Protein chains: 2
Amino acid sequence: MNATTLRALADSNRLKIVELLLSGPLTVGEIVDRLGLHQPQVSKHLRVLSDAGLVEAEPSANRRIYRLRPEPLRELEDWVGSFKRIWDDHLDRLDDYLRELQTPE
Amino acid sequence: MNATTLRALADSNRLKIVELLLSGPLTVGEIVDRLGLHQPQVSKHLRVLSDAGLVEAEPSANRRIYRLRPEPLRELEDWVGSFKRIWDDHLDRLDDYLRELQTPE
DNA sequence: TATATATATTCTTGTAAAGGAATATTCATA
DNA sequence: TATGAATATTCCTTTACAAGAATATATATA
């Protein structure tokens with residue numbers, strides 16, 4: 001897994017933007033209105049998300065329509081999916097048991 | 001989704017620690033050896049991960065055995081899973097089309 | 001062409017957070 | 001009880017980054 005995606009998501013305002021875009025593409029102004037943030041901050045957050053490949057912009061006249069890009073999210077899902085192994089922790093408990101055995105008492 | 005989990009993961013060394021622990025619990029010293037980091041930094045990273053609920057420690061004699069905690073990872077998986085909606089982007093393209101219609105030309 | 005609107009960028013400042021070095025703490029054992 | 005090993009914490013310095021304010025850029029329209 002690459003830390004860039006996670007770093008881009010590791011900010012509550014950017015998280016809100018991403019969650020907003022889950023319902024569909026939005027212009028910058030629409031995001032500003034819905035989140036009550038200042039326009040420059042929203043543009044800067046969008047820049048970070050865009051650099052991380054999490055969103056893309058499509059110009060439309062005066063505005064720019066931002067939408068989510070699936071790829072990094074898919075990658076993140078694959079990564080975290082690989083942790084299903086530990087959902088039941090049999091292996092870990094066994095590991096502890098083996099470790100106990102070799103601890104002199 | 002909460003930003004704390006993501007912030008804890010948004011560091012490449014912590015990411016490496018988490019990925020190491022995927023294969024099973026490890027002591028601090030084992031993590032130090034495998035990642036070639038200094039022991040205090042590893043302890044500090046483990047502190048961050050622990051505060052975020054991503055790992056837990058079990059004392060064993062002189063050492064502390066760290067293991068992953070499933071809950072936050074499960075939560076992350078659920079969250080990113082909710083994005084499957086956009087895997088095929090029909091809705092988004094439709095959205096764009098509708099937006100085109102109301103753009104004066 | 002001048003103006004307004006939407007968006008992006010730059011500059012500055014404050015704050016969080018990461019690494020290094022040193023030290024404290026805890027437990028086992030000679 | 002003194003010592004060593006494993007781990008955690010503190011202090012310091014540096015870097016990254018988020019917000020605010022001001023400004024630049026681009027496009028539409030009067």
Side-chain angles (χ1 to χ4, degrees), chain A residues 2-18 20-21 25-67 96 99-105, chain B residues 2-18 20-21 25-67 96 99-105:
Chain A
N2 85 356
T4 306
T5 303
L6 290 163
R7 222 190 322 268
L9 295 173
D11 174 273
S12 62
N13 284 325
R14 283 197 293 272
L15 211 49
K16 286 177 194 158
I17 292 177
V18 168
L20 255 189
L21 292 177
L26 293 172
T27 66
V28 177
E30 287 167 333
I31 298 173
V32 167
D33 291 345
R34 304 202 193 184
L35 295 186
L37 301 175
H38 294 160
Q39 177 269 317
Q41 331 302 335
V42 169
S43 282
K44 280 183 282 188
H45 283 312
L46 286 168
R47 177 79 141 109
V48 174
L49 292 171
S50 174
D51 286 348
L54 280 159
V55 303
E56 67 186 355
E58 180 182 1
S60 165
N62 219 0
R63 332 197 163 177
R64 311 193 70 202
I65 304 177
Y66 281 88
R67 75 159 48 81
D96 274 358
R99 210 181 286 268
E100 280 303 314
L101 287 186
Q102 60 186 342
T103 298
E105 58 206 319
Chain B
N2 85 354
T4 306
T5 302
L6 291 162
R7 221 189 324 266
L9 294 173
D11 174 273
S12 61
N13 284 325
R14 282 197 293 271
L15 212 47
K16 286 178 194 158
I17 291 177
V18 167
L20 256 189
L21 292 178
L26 293 173
T27 66
V28 176
E30 287 167 334
I31 298 173
V32 167
D33 290 346
R34 303 202 192 184
L35 295 186
L37 301 175
H38 294 160
Q39 177 269 319
Q41 332 300 335
V42 170
S43 281
K44 281 185 279 188
H45 283 312
L46 286 168
R47 178 78 141 108
V48 174
L49 292 170
S50 174
D51 287 347
L54 280 159
V55 303
E56 66 187 355
E58 179 182 1
S60 166
N62 219 1
R63 332 194 163 180
R64 309 193 70 203
I65 304 176
Y66 281 87
R67 76 159 47 80
D96 275 357
R99 210 181 287 267
E100 280 303 313
L101 287 186
Q102 60 186 344
T103 298
E105 59 206 320

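Labels below follow one simple rule: chain letters A, B, ... track the order of the sequence lines, proteins then strands, and each chain is numbered from 1. Only a predicted model underlies this, so the values are computations on that prediction, with no experimental measurement involved.
- Side-chain contact check for B:V18 versus B:R14: every heavy-atom pair is 4.5 Å or farther apart.
- Residue B:K44 has its side chain nearest to C:dG19 when only C:dG19, C:dC11, D:dT7 are considered.
- Comparing D:dG20, C:dT7, D:dA28 against the side chain of A:T27 picks out C:dT7 as the nearest.
- The distance between atom CZ of B:R7 and atom P of D:dC17, rounded to the nearest whole Å, is 13 Å.
- Taking the side chain as every heavy atom from C-beta outward, B:L20 and B:L26 approach each other to under 4.5 Å.
- One atom, CD of A:E58, and another, C1' of C:dA8, lie 18 Å apart when rounded to the nearest Å.
- Using a 4.5 Å cut-off on side-chain heavy atoms (C-beta onward), B:N13 and B:L35 make no contact.
- Counting distance only, with no hydrogens placed and no angle test, the side-chain atoms of A:Q39 and the base atoms of C:dA8 include a donor-acceptor pair under 3.5 Å.
- Going from atom CZ of A:R63 over to atom P of D:dT27 covers 14 Å, rounded to whole Å.
- Counting only heavy atoms from C-beta outward, the side chains of A:L21 and A:L54 never approach each other to under 4.5 Å.
- A straight line from NE2 of A:H38 to P of C:dT7 spans 16 Å, rounded to a whole angstrom.
- Side-chain contact between B:L46 and B:I31: present, with at least one pair of heavy atoms (C-beta onward) separated by less than 4.5 Å.
- Base pairing analysis places C:dT23 opposite D:dA8; the two distances defining the Watson-Crick or G-U wobble pair are each below 3.5 Å.
- In this structure, A:N13 places its CG atom 10 Å from P of D:dG20, rounding to the nearest Å.
- Checking B:N62 against B:P40, the closest nucleotide of DNA chain D that is more toward the 5' end is the one next to B:N62.
- Note: CG (A:L6) to P (C:dA17) measures 16 Å, nearest angstrom.
- Between the OH atom of A:Y66 and the C1' atom of C:dA8 there is a distance of 8 Å, rounded to whole Å.
- For the OP1/OP2 pair of D:dA19 and a distance below 4.0 Å, the side-chain nitrogens and oxygens of A:H45 include at least one atom meeting the criterion.
- The distance between atom CZ of A:R47 and atom P of D:dA16, rounded to the nearest whole Å, is 17 Å.
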